[in-house]
Amino acid sequence: MKKLILIDGNSIAYRAFFALPLLNNDKGIHTNAVYGFTMMLSKILEEEKPTHILVAFDAGKTTFRHETYSEYKGTRQKTPPELSEQFPLIRELLDAFGIERYELENYEADDIIGTMSKLAEEEGFEVTVISGDKDLTQLASPKTTVMITRKGITDMEAYTPKHLQEKYGLAPKQIIDMKGLMGDTSDNIPGVPGIGEKTAVKLLKQFPTVEELLSHIDEVSGKKLQEKLEAYKDQALMSKQLATINRNIPLTISIGQAEYKHADMEKLRRLYQELGFKSMLEKMGEDDQPGEKAALESISFSIAEDITDGLFADISSFYVEILDENYHTGEIIGFGLKNKNGLFFLRAEDALHSTAFKQWVEDDEKIKHVYDAKRSIVALRRYGMELRGIDFDLLLVSYLLNPSDTVEDFASVAKTHGYENVETDEAVYGKGAKRRLPEENVYAEHIARKAEAIAALETPCTDALKENEQLELFEQLELPLSLILADMEYTGVKVDTNRLKEMGEEFKSKLHEIEQRIYEMAGTTFNINSPKQLGIILFEKLGLPVIKKTKTGYSTSADVLEKLEPAHDIVKEILHYRQLGKLQSTYIEGLLKVVHEDGKVHTRFNQALTQTGRLSSTDPNLQNIPIRLEEGRKIRQAFVPSEEGWVIFSSDYSQVELRVLAHISGDEKLIEAFQEDMDIHTKTAMEVFHVKAEDVTPNMRRQAKAVNFGIVYGISDYGLSQNLGITRKEAGEFINRYFKSYPRVKEYMDEIVTEAKQKGYVSTLLKRRRYIPEITSRNFNLRSFAERTAMNTPIQGSAADIIKKAMIDMAKRLKEENLKARMLLQVHDELIFEAPEEEIEVLKKIVPDVMVHALELSVPLKVDSAYGPTWFDAK
DNA sequence: AAGATCACGC
DNA sequence: GACGTACGTGATCTTC
């Protein structure tokens, strides 16, 4: 399919200029219009993948339209010099991109685009027109889509004939009739005075064109309107003529000349450098051809027909492919293997039945370099093999080098390290409903490429770790943790499904009762789960005051409903309905759905996702099981030991983040508070409100707690104000008083922001990094967010380091002490075990002991433990 | 299929 | 010249 993109150069340059702040490069040249143009181009090339592209510009000051009407565009302000000076740069940019540009004396860009699109349509092209000027929509047709910028530069609305019909009830051609009637102040087209968009559209629905309308003025309703039309007949016709794009101008360029030749990368790089477009330079590192993917270099690999000892070696890169996201159930597709003997693909059915393979897999002397150790270990264990000897994990290493690099798939991870010779999983297997296994030779090659990539990246990534002083973090923390997490996941947590079902029945009948009461109070039935429908009932039918709006309508969130509680009895019922509905759908039904045949849930801890170093948990998420409200907390009764006579044992850190803060800030008062094991919220209340311990009211403590909470999670004054239901100003004052109370904390906050600006990243106690590029942003909100991130990440991340270290020590200790107890879960500051009852006394000693001594800080760590027959009882 | 809204945990 | 406010997972509804 041939595809032509036609861009209205002047219009886009104007849009970009006014949409963006007046950016400067280091030489003081204004670059905002060029930057906007660049963003628009790279987005459009990527999304539309055109075969042909042309940017049209207006030429000179006067056009044929001025012959008709000398005041055409007469009210236009002169182009600001800050913009004019950027046009040569835009031309340079287009040349570097390999994009044809064109202008023609006496005509406007519109006419070039109109004529070009007509010719292209005749030659069977699909055409996309891009402009900031709605006039261009008159060119829309089944073959031509007109994209008009909505706000900014890259947000565009696509106008098709159908879309125009829906929006105005007009055909594309009638846009010019509309203009003829209503005029256009920006182009100084007069139209008919007193007729605006609404009247114009109404009239054109009755008579399709201006001409038709003018010959039937007597049939128009309204005497005044008739008079106006009569009086400005000629002006209407002339206006229409002015608004009409000339689609037959004498072009001196052919469509063939507009073929997209792809960018001259060197030229583009130099230009970006000159203009100071850092983000664009970064992006260029990622893909060589904007909008076009280069084909992969060919590789040579073989499918191992016989799995013999001869395939294996002492050091290999090894990739285990499982198509399903969930490796607890997904089938292994095959293996990629790269070593001194060559590059191989091993079929799953061959390898998994081979003793040579099993021996190699289980031999911890045979070094393996892998991607996602935990996934590989768990999957192989299900086939009766213990994967040993891993000393490099590309996924984990990439995550440590930069946690924002591992959000996507293998290919993107490889790419961030400069290795591009591997397809994305999506390209090979498809996504969503279309995800399936292609022919063997296709996936065999893909899997082999992954093994090759691991081999290619092992040395440079390890070097980078050393460079960052993170090798120890990887070797002593994340990699060993990965093996422990594999055990925890594989072990799973026993679920009492009968208890869950019982609770489900209870919730079901309660929900039904509440539902009936709500319908009765509302006077109608509706979907209570639909915020839209609920909004209509509450705010329109019952006339409750609107407190907050969302993008799409009324907000019905809990904090809004809580404010409405006194206004109507229905609100209380709705809140309760929401609460129970959540428990029912997420925790009862959701949990039952993911219970395996062994009666257990096997979560997956994502170890390479969060930007702070915390773990996350999916399928099911066992890190957000209810606890706050009694009704929900009962869900925990369904989590039980997997063996008769065992119990659930749980230990959690007390205020670990604030202790970390005391340690890294060195604030005397905070350190003292923890050394004396004071209630930290009460202490904060005493400091902030300048009162004695006995004079701290529950409300003061609550507010102090919210401030502590805010410090730990890096929320803004806005966030705190929402939390406490106070104004932003008041929240800001609280924060200031907090900083006055703990002056070293304030100093730490200032220093860490400065450090982040200097280095571009912040670090945790164990040298985990988080890069924060937005810290230098000129955008206030982005920068503020970045600053809070800089302040918060070392706190939360160090706390994550501590519990991870504790888990490693704990696993070792359990082994040393020959205990049967098993670690099951980690919930950020809490470790959960199952153990024989007779081990409880030992655990009560050693678990807190290990956790408290995971890392030595200048304040003591504190751990609380509990146990019982279910997770609920371990409180 | 993707986005928005809401709610749960830390 | 608007931005959008701790993070993460998941359910449901709605729109494309």
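Quick note: numbers below take in every heavy atom, side chains included, and nothing from hydrogens, waters or symmetry partners. A, B, ... follow the sequence lines: proteins, then strands. Residue 1 opens every chain. For clarity, every value in this text was computed on a predicted model and none was experimentally measured.
Taking the centre and axis of the six-membered ring of Y327(A), the NZ or CZ atom of R604(A) falls inside the cone set by 45° and 6.0 Å. By the 6.0 Å and 45° rule, R769(A) stacks over the aromatic ring of Y761(A).
Distance, E589(A) CD to dT12(C) C1': 12 Å, rounded to whole Å. In this structure, the CZ atom of F605(A) is 12 Å from the P atom of dT9(C), given to the nearest Å. To the nearest angstrom, P of dT9(C) lies 11 Å from CG of L615(A). dA11(C) atom C1' lies 14 Å from atom CG of L591(A), rounded to whole Å. Summarising the geometry, the separation between CG on L592(A) and P on dG10(C) is reported as 16 Å, rounded to the nearest angstrom. To the nearest angstrom, C1' of dG1(C) lies 12 Å from CG of N32(A). Spacing between atom CD1 of I635(A) and atom P of dT9(C) amounts to 20 Å, rounded to whole angstrom units. Whole-Å rounding puts the N723(A) CG to dC7(C) P distance at 14 Å.
Nucleotides dC10(B) and dT5(C), compared at atom P, are 23 Å apart to the nearest Å. Nucleotides dA7(B) and dA2(C) have their P atoms positioned 30 Å apart, rounded to a whole Å. When the P atom is compared between dC3(C) and dC8(B), the two are found 29 Å apart, to the nearest whole Å.
Scored by the ring pair (Phe, Tyr, Trp, His ring centres under 6.0 Å) test, Y429(A) finds H446(A) as partners (sequence neighbours excluded). Residues that satisfy the ring pair (Phe, Tyr, Trp, His ring centres under 6.0 Å) test with H602(A), not counting sequence neighbours, are H328(A), H596(A). Residues satisfying the ring pair (Phe, Tyr, Trp, His ring centres under 6.0 Å) criterion with Y738(A), sequence neighbours excluded, are Y742(A). Applying the ring pair (Phe, Tyr, Trp, His ring centres under 6.0 Å) criterion to Y713(A), with sequence neighbours excluded, gives F709(A).
Within the 3.5 Å criterion, the main-chain N or O of V712(A) finds a donor-acceptor partner in the side chain of N792(A). In this structure a side-chain-to-backbone donor-acceptor pair under 3.5 Å is missing from Q533(A) to I528(A).
At the heavy-atom level, F785(A) lies under 4.0 Å from the strands shown only through sugar-phosphate atoms. Across all strands, Q722(A) comes closer than 4.0 Å to no nucleic acid atom at all (heavy-atom distances). Residue S617(A) is classed as a sugar-phosphate contact, given heavy-atom separations below 4.0 Å to backbone atoms only.
Once rounded to the nearest 0.5 Å, the distance linking CG of L485(A) with NZ of K804(A) reads 8.0 Å.
Residue S716(A) places at least one side-chain N or O under 4.0 Å from the OP1 or OP2 atom of dA6(C). Within the structure, every side-chain polar atom (N or O) of Q584(A) is placed at least 4.0 Å from both OP1 and OP2 of dA11(C). For S616(A) and dT9(C), the shortest distance from a side-chain N or O to OP1 or OP2 is below 4.0 Å.
In terms of heavy-atom proximity, L583(A) sits nearest to P626(A) at CD2-CG, 3.7 Å.
Between dT9(C), dA6(C), dA11(C), one nucleotide has an atom nearer to the side chain of S585(A) than all others, and that is dA11(C).
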Kindly express the pairing pattern of DNA chain C in dot-bracket notation, using | wherever a base pairs with another strand and counting only Watson-Crick or G-U pairs under 3.5 Å. ......|||||||||.
When every nucleotide of nucleotides 4-10 of chain B is labelled 5' to 3' by its protein contacts under 4.0 Å (heavy atoms), B for base, S for sugar-phosphate only, - for none, what sequence of letters results? SSSBBSB
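If N527(A) and R770(A) are placed on DNA chain C by their nearest nucleotide, the residue sitting closer to the 5' end is R770(A).
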